[in-house]
> 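Quick one: this structure, given as structure tokens, is what I'll be asking you about.
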Amino acid sequence: MNLLSNFFKKKYNISSKKINIFAPISGKIVDLKSVPDDVFSKKIVGDGIAIQPTGKRIVAPIKGIIGKIFNTMHAFSIISSEKIEMFVHFGIDTILLNGKGFKKIAQDNQKVNIGDVILEYDLDFLKEKAKSILTPIIISNIEKIKKIKKYSGVVHSGKTPIMQITI
């Protein structure tokens, strides 16, 4: 069976690649179903995990290019060299704060490596003002993903894998 499997992989150029997605924010991994917004909890915009944050920075979870940092600085998109599209969204209803509590460090279309700082935030202010600080990390083009392995536990931004995907 292994020889046959290898034959088809070579003949039809079928191969899989595993990619680690790292924590863009320090904290504790939470199931996406816990996010108090149906867009995320029902996986309308994609699949992933959420993090209950403890730090003060949001970093690049993958090597790639920043697509868009929202003017309100509560969220950004990033595209990996493998064309994986991700969306990091700090909290729920944080868009209503119009950028208060956030500081933009990176720029749109900037090339980034895992761990490069994208945004800084004031956790105490956001805990007080936001509906929730649970931070969804979403793979938006989930149709490209063959398999997604989600991790759990406490994570450190730019250092701890939160998901492993197979494309």
Side-chain angles (χ1 to χ4, degrees), residues 19-142 148 150-163 165:
I19 301 166
N20 281 323
I21 310 292
F22 289 83
I25 197 166
S26 293
K28 185 173 190 240
I29 293 177
V30 176
D31 191 301
L32 210 50
K33 293 175 189 164
S34 301
V35 176
D37 186 325
D38 286 349
V39 169
F40 299 111
S41 63
K42 293 186 176 178
K43 302 178 183 179
I44 293 168
V45 292
D47 199 358
I49 58 101
I51 295 177
Q52 180 72 41
T54 58
K56 61 180 183 174
R57 311 187 158 92
I58 304 175
V59 304
I62 51 176
K63 182 178 179 180
I65 297 175
I66 299 295
K68 173 78 177 149
I69 300 173
F70 284 62
N71 291 336
T72 52
M73 295 178 280
H74 73 289
F76 68 91
S77 63
I78 184 169
I79 303 168
S80 75
S81 54
E82 298 87 6
K83 305 296 182 225
I84 301 304
E85 297 171 9
M86 296 191 65
F87 184 59
V88 178
H89 189 283
F90 187 100
I92 302 304
D93 289 348
T94 45
I95 191 170
L96 303 174
L97 299 174
N98 292 315
K100 290 181 184 147
F102 296 98
K103 181 180 178 187
K104 184 172 156 179
I105 304 299
Q107 303 299 318
D108 291 357
N109 302 312
Q110 180 178 326
K111 288 184 181 180
V112 291
N113 289 309
I114 295 165
D116 287 353
V117 178
I118 309 298
L119 298 164
E120 292 179 346
Y121 59 90
D122 180 337
L123 186 58
D124 292 333
F125 174 82
L126 294 167
K127 278 181 180 177
E128 182 183 317
K129 300 291 184 185
K131 176 179 178 179
S132 170
I133 59 168
L134 282 179
T135 300
I137 297 93
I138 304 295
I139 299 166
S140 54
N141 62 339
I142 201 72
I148 181 168
K150 300 175 186 179
Y151 299 109
S152 60
V154 174
V155 293
H156 302 282
S157 64
K159 296 185 171 136
T160 313
I162 56 171
M163 293 181 273
I165 58 171

> Side-chain contact test, heavy atoms from C-beta onward, threshold under 4.5 Å: evaluate it for Lys131 versus Ile92 and give yes or no.
yes
> Hey, are the side chains of Ser41 and Leu32 touching, using non-hydrogen atoms and a 4.5 Å cut-off?
no
> Tell me if the NZ atom of Lys103 is crowded by more than 12 foreign heavy atoms within 6.0 Å.
no
> Tell me if a side-chain donor or acceptor on Ser140 pairs with a main-chain N or O of Glu85 at a distance below 3.5 Å.
yes
> Look at the rings of Tyr121 and Phe90 and say which category their plane angle falls in: under 30° parallel, 30 to 60° tilted, over 60° perpendicular.
tilted
> Hey, do the aromatic rings of His89 and Phe40 have their centres closer than 6.0 Å?
yes
> Taking side chain as C-beta onward, heavy atoms only, is Ile105 less than 4.5 Å from Glu120?
yes
> Could you tell me whether the side chain of Phe22 reaches within less than 4.5 Å of the side chain of Val155, counting heavy atoms only?
no
> For atom NZ of Lys104, decide whether the heavy atoms of other residues, nucleotides or ligands shown that lie under 6.0 angstrom number more than 12.
yes
> Evaluate the side-chain proximity of Asp31 to Ile49: yes if any heavy-atom separation is below 4.5 Å, no if none is.
no
> Taking C-beta and beyond as the side chain, do Pro24 and Ile137 meet within less than 4.5 Å on heavy atoms?
yes
> Rounded to the nearest 0.5 Å, how far does NE2 of His156 lie from OG1 of Thr54?
8.0 Å
> How far apart are the C-alpha atoms of Phe76 and Ile58, what are their side-chain angles, what is the distance that settles it, and do they pass the side-chain contact (heavy atoms from CB on, under 4.5 Å) test?
CA-CA 10 Å; Phe76 68 91; Ile58 304 175; 3.5 Å; yes
> Would you find a donor on one side and an acceptor on the other, under 3.5 Å apart, between the side chain of Asn113 and the backbone of Lys63?
no
> Please confirm whether the backbone N or O of Val30 pairs with a side-chain atom of Ser34, one donor and one acceptor, at under 3.5 Å?
no
> Do the side chains of Asp47 and Lys150 get close enough for a salt bridge, i.e. N-O under 4.0 angstrom?
yes
> Rounded to the nearest 0.5 Å, how far apart are CD1 of Ile139 and CZ of Phe87?
14.0 Å
